[in-house]
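A short write-up of the structure that comes next.
All values derive from a computational prediction rather than experimental measurement.
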Amino acid sequence: MAIEVRIPTILRTYTGGEKAVNADGANLHALIDALDASHPGIKGRLLEDNGDLRRFVNIYINDEDVRFIGSLDAELSDGDQVVILPAVAGGAR
Amino acid sequence: MTRYDSLLASVGGTPLVGLPRLSAPFNADGRPQVRIWAKLEDRNPTGSIKDRPALRMIEEAEKSGLLTPGCTILEPTSGNTGISIAMAATLKGYRTVFVMPENTSEERRQLLRMWGAEIVSSPAAGGSNEAVRVAKQIAAEHPDWVMLYQYGNDANALAHEEGTGPEILADLPSITHFVAGLGTTGTLMGVGRFFRKAKAEVRIVAAEPRYGELVYGLRNLDEGFVPELYDADLIDSRFSVGPRDAVRRVRELLELEGIFAGISTGAILHAALGQAAKVAKAGEGADIAFVVADGGWKYLSTGAYEGTIDEAEDRLEGQLWA
């Protein structure tokens, strides 16, 4: 199983500068654990100490915000694309 | 009614139009109908949905005594809210100062200047977040200026709870989905709150613009920004839409339905079509209403409407297109 994870600029220090890395996991929890195994420390930037997703971190599976599809329990399948982004005020007209 | 006492009185009451050609692919013979509807907010006085919250925020500030004749209004905006406030301020006699990211389109700046506004530029990196930060700083230096602050002003959402939402339900009682853009979150919060009370089964869907990397820059994940108005409980799903899909859809809207919309509307339509596909696949019917936030005029200089989609996508890199 291969899931592409797109990494924001600020976290590329953990991925050796790579914009996107591949990782495995049946759900987002497992994927972040796998990500942290190959890129130690990245999990701490995404999750709070209590394991919740950090307030200003947005993660999308196939463009859908994971907070509306089970958060860290959101399921993943082969070929899914995961995007990690800092929260910004989008479309603030 | 089409006669009004002044331009300000004509805000709202926008048309809801059906999109038969864009809906057609979801309607196989004998299946329940899936219909897509556009709420044409570009028909407001300054050409965007922002006339609603701008006017309401000013009126509430006047009522509370915060805003008095001759006051200076300060606001972080990437354009439309500023244009709406500037128009109302011209008619009501206020001075306006707007903080805008430097990577917003030239048309928006020219329009603001025409309405007599002063513009302070904020750094491109960080986009609207940075404009908010700079505006807060300026507000602290000028305690007599009034910052309406669209990201945290309840009157922003209220304009939609009492205006946009009821208008849509009156025109489309069979509505099943409402789709709008997520910026200040005012439209979605207001319309969402209205439907939670008036017709709770209506699904509220957010389309959030996803910009190029230059906009997110080196933004620290601990210093992100979520508008104070935002309440995730009022939304059922939220999609991130990149410039490629936004441009593709905004062109489809023009080619198939004749509607010339701004780029952010392409992102909203993309999310609406995603819902339509999902409903059609499940063999269900739907009436999906989405917001045309503004017309395309102010974005012609971005290059999004010319050449191939690839070229348009490249040109939008680093620009705030919503």
In Å, rounded to the nearest 0.5 Å, how long is the span from [atom1] of [X] to [atom2] of [Y]?
X        : Y        : atom1 : atom2 : value
A/Asn58  : B/Arg238 : CG    : CZ    : 5.0 Å
B/Phe239 : A/Asn62  : CZ    : CG    : 10.0 Å
B/Ser237 : A/Asp65  : OG    : CG    : 9.5 Å

I want to check something: taking the side chain as every heavy atom from C-beta on, are A/Tyr60 and B/Arg210 in contact at a cut-off of under 4.5 Å?
no
Got A/Phe68 and B/Ile235 here, is their nearest side-chain heavy-atom distance under 4.5 Å?
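Answer yes - side chains close enough.
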Can you tell me if [atom1] on [X] sees more than 12 non-hydrogen neighbours from other groups inside 6.0 Å?
X        : atom1 : value
B/Arg244 : CZ    : yes
A/Asp49  : CG    : no
A/Glu75  : CD    : no

Is there a side chain to side chain contact (heavy atoms under 4.5 Å, CB included) between B/Val226 and A/Phe56? Walk through the geometry before answering.
CA-CA 7 Å; B/Val226 176; A/Phe56 296 127; 3.9 Å; yes
Report which part of B/Ala232 has an atom under 4.5 Å of a heavy atom belonging to chain A: side chain, backbone, both, or neither.
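Interface part for B/Ala232: both.
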